[in-house]
Amino acid sequence: MSDQKLKPRLPRGLVDRGPAEIAATRRMLEKIQAVYERYGFEPVETPAIEFTDALGKFLPDQDRPNEGVFSFQDDDEQWLSLRYDLTAPLARYVAENFDALPKPYRSYRAGYVFRNEKPGPGRFRQFMQFDADTVGSATMAADAEICMMAADTMEALGIPRGSYVVKVNNRKVLDGLLESIKLTGPDNELKRLTVLRAMDKFDRLGRGGVQQLLGEGRKDESGDFTRGAGLNAAAIETVLSVFANVPASENKLAHIQARLKDSETGQRGLQELEEIWSLVNASGYGDGRVVIDPSVVRGLEYYTGPVYEIELTFQVQGGQDGTPRFGSVGGGGRYDGLVSRFRPEPVPATGFSIGVSRLQAALSYLGKLESTADLGPVVVTVLDRARIADYQRFVARLRADGIRAELYLGSGKMAAQFKYADRRNSPCVIIQGSDEQQRGEVQIKDLIEGARAAGAIASNQQWRESRPAQFAVPEASLVEAVREILARHGAR
RNA sequence: GCAGCUGUAGCUCAGUUGGUUAGAGCGCCUGACUGUGGAUCAGGAGGUCGGUGGUUCGAGUCCACCCAGCUGUACCA
């Protein structure tokens with residue numbers, strides 16, 4: 001077919017966003033930003049594109065970028081990539097502007113990041129993160145503060161205390177654990193990865209699933225088989241001990257301490273955890289907002305010490321199987337090696353990101369999000385096409401007074417104009433035909449009030465004759481009357 | 001990537017053991033209403049049944065392959 005039309009469509013994992021979602025995102029961003037500002041962080045923004053090597057994302061032993069990142073070659077053949085998080089670009093920025101920045105350097109930024117991975121519910125290939133970092137401070141106080149800020153942010157977003165938890169662990173504890181089951185040396189590199197990955201799946205697969213993955217392997221619902229790490233029973237028991245149902249954070253520390261006796265790395269990790277815990281506790285956040293959880297793994301690359309994860313703990317009502325799981329909505333950790341890739345001196349850093357898109361998807365699914373679009377503009381209708389100049393003058397007066405307003409620019413008759421205004425979520429329309437003009441008046445119809453009245457009216461004739469929520473005011477009072485309607489409906 | 005399931009109108013779906021011009025609800029457009037949203041009523045537009053090939057007198061229906069979507073799993077720096 002030569003006259004075949006192009007089919008409008010989006011690649012998977014990408015979404016269009018309408019006014020209601022945009023408004024909801026904006027409200028979220030404002031709340032997050034307010035918390036970060038209060039903690040003394042300042043904004044900085046970097047571009048969406050970086051050199052691939054600056055992101056550190058070449059495949060090992062190959063000159064091709066990792067498939068998980070969107071990459072392309074510049075005119076000069078250099079590889080460029082879309083950022084896949086906001087941390088790596090920040091490290092590049094700090095390294096590049098090192099001498100000009102105050103240290104420790106505390107900054108935040110929001111922006112879209114891109115990952116070429118399989119999308120799912122609340123998982124997109126383009127999504128927004130809100131990130132905050134402290135660069136140039138090695139003290140655990142920086143990490144403790146990040147955790148407390150994460151908790152404050154959740155509450156600022158309207159998530160009640162007890163409906164979220166900030167979990168803290170330390171990569172050194174995990175390394176120590178692997179040491180204690182003798183998974184050391186380069187030969188065991190792959191096994192170590194397999195063990196950590198298995199642990200990371202605890203919330204999804206449960207203890208049994210993780211146990212299978214640590215041992216022989218596991219068959220999923222579709223019958224597909226995943227090979228396990230092949231550990232012996234004693235080693236499996238040691239690894240699973242971190243999932244023990246020990247209620248208090250102090251006890252968790254004690255519980256795991258015994259298993260790490262032989263590992264110096266593990267002991268150091270425990271010390272760091274204890275330090276964070278005492279700082280968090282001193283500020284009162286140890287009441288369940290921030291907890292120690294030795295099972296938190298997080299991504300596998302650049303974290304060097306403490307790692308954090310923000311999790312929603314909502315009980316999803318209707319609790320059958322079909323309900324999606326919204327686990328982690330944010331996380332982060334200490335990445336002491338990332339900036340020093342560019343610098344001669346060591347530059348410790350720690351930070352965390354909130355997955356704004358995912359959190360929004362979760363909140364909206366759970367009905368915890370006010371997802372109403374903002375009110376639309378006041379629409380001035382066109383009854384007499386010869387008098388467009390007059391109508392435009394009404395519009396100009398409203399705008400001059402700071403009120404969103406527009407002239408109906410379509411070609412429809414009255415009914416179409418009302419439908420248009422309705423769809424635009426307009427608070428009211430302005431009408432002036434020859435009758436009103438002679439009396440020096442305009443009709444104002446409150447669409448929101450009118451919609452409410454519609455329920456009680458049976459016939460169309462009655463509806464039209466009663467003209468619900470409609471009234472006349474002198475032309476001179478136009479702005480004032482519209483203001484009243486806006487105020488009544490809580491317009492911002 | 002691997003596995004399972006599903007592809008019929010913009011959306012949600014019906015379509016008997018293969019049998020004439022492929023249906024419904026919702027939505028959309030127009031009108032009833034020379035100047036009023038909703039409701040109602042009447043009319044209208046919109047589909048080469050995901051694609052290609054095959055079996056058959058005949059395929060939305062059966063078969064093969066491909067494509068897309070969903071779910072699980074792997075990977076996710």
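Being a predicted model, the structure only gives us computed values, none of them experimental. Order of the sequence lines sets the chain letters (A, B, ...), proteins ahead of strands, with each chain counted from 1.
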Interatomic distance at [atom1], [N] relative to [M], whole Å:
{"N": "B/C57", "M": "B/G10", "atom1": "C1'", "answer": "38 Å"}
{"N": "B/U71", "M": "B/G27", "atom1": "C1'", "answer": "29 Å"}
{"N": "B/G19", "M": "B/G60", "atom1": "C1'", "answer": "13 Å"}
{"N": "B/U56", "M": "B/U17", "atom1": "C1'", "answer": "16 Å"}
{"N": "B/A42", "M": "B/C33", "atom1": "P", "answer": "16 Å"}
{"N": "B/G4", "M": "B/G51", "atom1": "P", "answer": "24 Å"}
{"N": "B/C67", "M": "B/C76", "atom1": "C1'", "answer": "26 Å"}
{"N": "B/C63", "M": "B/A59", "atom1": "C1'", "answer": "11 Å"}

Measure from the side-chain N and O atoms of [X] to the backbone N and O of [Y], and report whether any donor-acceptor pair falls under 3.5 Å.
{"X": "A/Thr381", "Y": "A/Ile430", "answer": "yes"}
{"X": "A/Gln417", "Y": "A/Val382", "answer": "yes"}
{"X": "A/Arg358", "Y": "A/Val329", "answer": "no"}

*asked:* Going by purine N1 to pyrimidine N3 plus the second Watson-Crick contact, or the G-U wobble pair, all under 3.5 Å, which nucleotide sits opposite B/G1?
replied: B/U73
*Would you mind pulling out the nucleotide paired to B/C28, Watson-Crick or G-U wobble, both distances under 3.5 Å?*
B/G44
At under 4.0 Å, does any side-chain N or O of [X] touch on OP1 or OP2 of [N]?
{"X": "A/Arg464", "N": "B/U36", "result": "yes"}
{"X": "A/Arg123", "N": "B/C70", "result": "no"}
{"X": "A/Trp463", "N": "B/U36", "result": "no"}
{"X": "A/Arg423", "N": "B/G38", "result": "no"}
{"X": "A/Arg197", "N": "B/C75", "result": "yes"}

Mind calculating the distance between [atom1] ([X]) and [atom2] ([N]) to the nearest angstrom?
{"X": "A/Leu205", "N": "B/G72", "atom1": "CG", "atom2": "P", "answer": "11 Å"}
{"X": "A/Leu196", "N": "B/C76", "atom1": "CG", "atom2": "P", "answer": "11 Å"}
{"X": "A/Leu14", "N": "B/G69", "atom1": "CG", "atom2": "P", "answer": "11 Å"}
{"X": "A/Lys445", "N": "B/G38", "atom1": "NZ", "atom2": "P", "answer": "11 Å"}
{"X": "A/Phe471", "N": "B/U36", "atom1": "CZ", "atom2": "P", "answer": "19 Å"}
{"X": "A/Arg12", "N": "B/C67", "atom1": "CZ", "atom2": "C1'", "answer": "12 Å"}
{"X": "A/Lys118", "N": "B/G69", "atom1": "NZ", "atom2": "P", "answer": "11 Å"}
{"X": "A/Lys201", "N": "B/C76", "atom1": "NZ", "atom2": "P", "answer": "8 Å"}

Under a plain distance cut-off of 3.5 Å, with no hydrogens placed, do [Y] and [X] share a side-chain donor-acceptor pair?
{"X": "A/Gln432", "Y": "A/Arg387", "value": "yes"}
{"X": "A/Asn97", "Y": "A/Tyr105", "value": "no"}
{"X": "A/Thr350", "Y": "A/Tyr308", "value": "yes"}

*Is the shortest distance from a Lys or Arg side-chain nitrogen in A/Arg483 or A/Glu480 to a carboxylate oxygen in the other one below 4.0 Å?*
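No, no charged N to carboxylate O under 4.0 Å.
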Between the base of [N] and the side chain of [X], is there any donor-acceptor pair under 3.5 Å?
{"X": "A/Arg115", "N": "B/C75", "answer": "no"}
{"X": "A/Lys413", "N": "B/G31", "answer": "no"}
{"X": "A/Gln470", "N": "B/G37", "answer": "no"}
{"X": "A/Arg467", "N": "B/U36", "answer": "yes"}
{"X": "A/Lys419", "N": "B/U36", "answer": "no"}

Choose from [options] the nucleotide whose nearest atom is closest to any side-chain atom of [X].
{"X": "A/Ala451", "options": "B/C33, B/C76, B/G37", "answer": "B/G37"}
{"X": "A/Phe418", "options": "B/U73, B/C76, B/U36", "answer": "B/U36"}
{"X": "A/Asp435", "options": "B/G35, B/G37, B/U73", "answer": "B/G35"}

_Please compare A/Thr194 and A/Ile448 by the position of their nearest nucleotide in RNA chain B and report the one closer to 5'._
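With A/Thr194 and A/Ile448 compared, the 5'-side residue is A/Ile448.
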Identify whether any heavy atom of [X] sits under 4.0 Å from a base atom; if not, whether one sits that close to sugar-phosphate; answer base, sugar-phosphate or nothing.
{"X": "A/Tyr84", "value": "base"}
{"X": "A/Asp446", "value": "base"}
{"X": "A/Glu436", "value": "base"}
{"X": "A/Leu55", "value": "nothing"}
{"X": "A/Thr381", "value": "nothing"}
{"X": "A/Asp85", "value": "nothing"}

*Hey, which of A/Leu196, A/Thr184, A/Thr265, A/Asn188 is the one that makes side chain to side chain contact (heavy atoms under 4.5 Å, CB included) with A/Leu178?*
A/Leu196
